[in-house]
Amino acid sequence: MFAQLGAAIAAVVLLSSPALAESKLTDPQIAHIAYTAGNIDIAAAKQALTKASNKDVKAFAEDMVRDHEAVNKQALDLVKKLNVTPEDNDTSKALSKQAADKLAELGKLKGAAFDKAYIANEVAYHKTVDSALETKLIPSASNAELKGLLQTGLKIFQGHEQHAEHVAAELK
Amino acid sequence: MQPGRLRLIAGVLSLAAMAVPAHAATITIVMENLVVSPAEATAKAGDTIEWVNKDVVAHTATAKNGDFDVMIPPKKTVTYVLKKAGTVDYYCRFHPNMKAMLKIDSEASP
Ligand SMILES: [Cu+2]
């Protein structure tokens with residue numbers, strides 16, 4: 001329930017915030033949003049590594065830290081190469097705010113309740129980011145290399161979404 | 001080319017084939033941008049599969065039937081010798097949207 005609500009909020013933030021409502025996002029904004037979205041998942045995973053009890057949930061959190069760090073490093077290398085400075089924007093800000101609220105909410109949970117809520121949120125969060133990538137970020141990206149990185153990112157995140165769904169199914 | 005010459009080449013080739021005992025092959029399978037190619041490969045038991053991961057994230061080749069579970073770190077190549085014949089569906093544990101298949105025939109009889 002909370003996870004669904006959180007996902008709904010994230011979806012609204014990503015798909016209808018002022019920045020995204022504009023005709024087109026710029027590459028510096030897109031880079032910032034993608035990087036922020038990755039960092040949010042790393043922070044969530046690091047919280048899970050200190051709080052999770054189930055071994056599959058812990059392993060999933062480790063995978064998230066490793067993959068999102070690798071993708072974000074690649075993103076940083078690319079913006080450096082392209083001489084692009086990621087630009088903070090309303091979408092990134094709204095995402096960060098929503099993620100901070102989620103961390104606080106999950107922080108109050110313990111044991112199996114935490115495990116379930118974390119994984120449910122991971123399913124929802126990856127779904128939201130995937131749909132934002134597909135419908136907004138990838139179509140808006142002008143630079144071909146940035147677009148390519150986002151397209152690979154989408155496939156990685158879709159994989160995470162399926163992985164999270166498997167873990168969630170095992171917890172039931 | 002004259003037929004005689006062709007026969008000669010064929011003869012040399014078959015001689016070469018006899019001289020070298022039927023030895024195991026190495027099959028290369030590339031993982032790039034989360035796509036496994038070829039997605040379907042044919043091999044024999046005793047052959048070596050060489051999985052090449054060109055991505056910045058780690059992948060696995062995990063057999064659905066439990067026959068193998070190979071981890072391929074980012075930008076690395078990992079080899080694995082096929083032990084059993086059979087048709088094996090495998091996937092990546094980290095990104096289950098990566099799926100592929102190996103058709104493994106029994107070891108060639110001498
Ligand atoms: Cu993978």
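We name chains A, B, ... by the order of the sequence lines, and we start the count at 1 in each one.
- A:His163 NE2 to B:Arg93 CZ: the interatomic distance, rounded to the nearest 0.5 Å, is 8.0 Å.
- Contacts of A:Gln74 with chain B are made by side-chain atoms alone, with heavy-atom separations under 4.5 Å and no backbone atom involved.
- Proximity of B:Leu34 to A:Gln158: side-chain heavy atoms (C-beta onward) are nowhere separated by under 4.5 Å.
- Ranked by non-hydrogen atom pairs under 4.5 Å with chain A, the options B:Pro96, B:Cys92, B:Pro74 are led by B:Pro96.
- The CD atom of B:Glu32 sits 8.5 Å away from the OG1 atom of A:Thr152 when rounded to the nearest 0.5 Å.
- A:Leu76 and A:Leu82 fall within a single hydrophobic cluster, where Ile, Leu, Val, Met, Phe, Trp and Tyr side chains are chained together by heavy-atom contacts under 4.5 Å.
- Cluster membership for B:Val57 and A:Ile40, using ILVMFWY side-chain heavy atoms within less than 4.5 angstrom, is shared.
- By the criterion of side-chain heavy atoms lying less than 4.5 angstrom apart, applied directly or through intervening Ile, Leu, Val, Met, Phe, Trp or Tyr residues, B:Met31 is not grouped with B:Tyr91; the two fall into different hydrophobic clusters.
- Both the backbone and the side chain of A:Asp67 come within less than 4.5 Å of a heavy atom in chain B.
- Of all non-hydrogen atoms in B:Val56 and A:Ala70, the two that sit nearest each other are O-CB, 3.4 Å.
- If you take CE on A:Met64 and CZ on B:Phe94, they are separated by 9.5 Å, rounding to the nearest 0.5 Å.
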Output, in order, the C-alpha distance, side-chain angles, deciding distance and verdict of side chain to side chain contact (heavy atoms under 4.5 Å, CB included) for A:Gln151 and B:Asn33. CA-CA 9 Å; A:Gln151 276 160 342; B:Asn33 292 329; over 6 Å; no
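- By the criterion of side-chain heavy atoms lying less than 4.5 angstrom apart, applied directly or through intervening Ile, Leu, Val, Met, Phe, Trp or Tyr residues, B:Met71 is not grouped with B:Tyr80; the two fall into different hydrophobic clusters.
- For the atom pair A:Ile156 CD1 and B:Asn97 CG, the distance stands at 9.5 Å (nearest 0.5 Å).
- Note on A:Tyr35: it clusters hydrophobically with A:Leu95, by side-chain heavy-atom contacts below 4.5 Å among ILVMFWY residues.
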